[in-house]
Amino acid sequence: MTDRTAPAPRICPTCDRHAFAAISTGGRDRHGHLRTITVHCPTCNGLGTIPARRVWEAARA
């Protein structure tokens with residue numbers, strides 16, 4: 001008998017596993033480093049994956 005395993009999570013269709021990005025604000029600090037902000041994907045909340053859909057099999061009558 002085989003073990004039941006959970007289905008693998010699906011790759012987020014919005015960000016394609018690039019769940020967050022560092023975006024430059026255009027300015028530099030006094031040390032010369034670029035100021036950046038981190039933005040997370042709104043679909044997967046920065047995880048890169050979404051839960052797999054559960055497929056229900058219809059019972060035959």
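Side chains are part of it too, since the values below use all heavy atoms of this structure and drop only hydrogens, waters and symmetry mates. This chain uses plain numbering: 1 for the first residue, then up along the sequence.
In this structure the side chain of H40 never reaches within 4.5 angstrom of the side chain of N45, judged on heavy atoms. Taking the side chain as every heavy atom from C-beta outward, T36 and T25 never approach each other to under 4.5 Å. Here the side chains of I50 and P13 are in contact, with some heavy-atom distance below 4.5 Å.
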Hey, mind stepping through T49 and R10 against side-chain contact (heavy atoms from CB on, under 4.5 Å) and telling me if it holds?
CA-CA 5 Å; T49 59; R10 297 183 329 153; over 6 Å; no
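Closest approach of D29 and R35 over heavy atoms only: CA-NH2, 3.8 Å. Among all heavy-atom pairs drawn from C44 and G48, the shortest one is SG-N, 3.2 Å.
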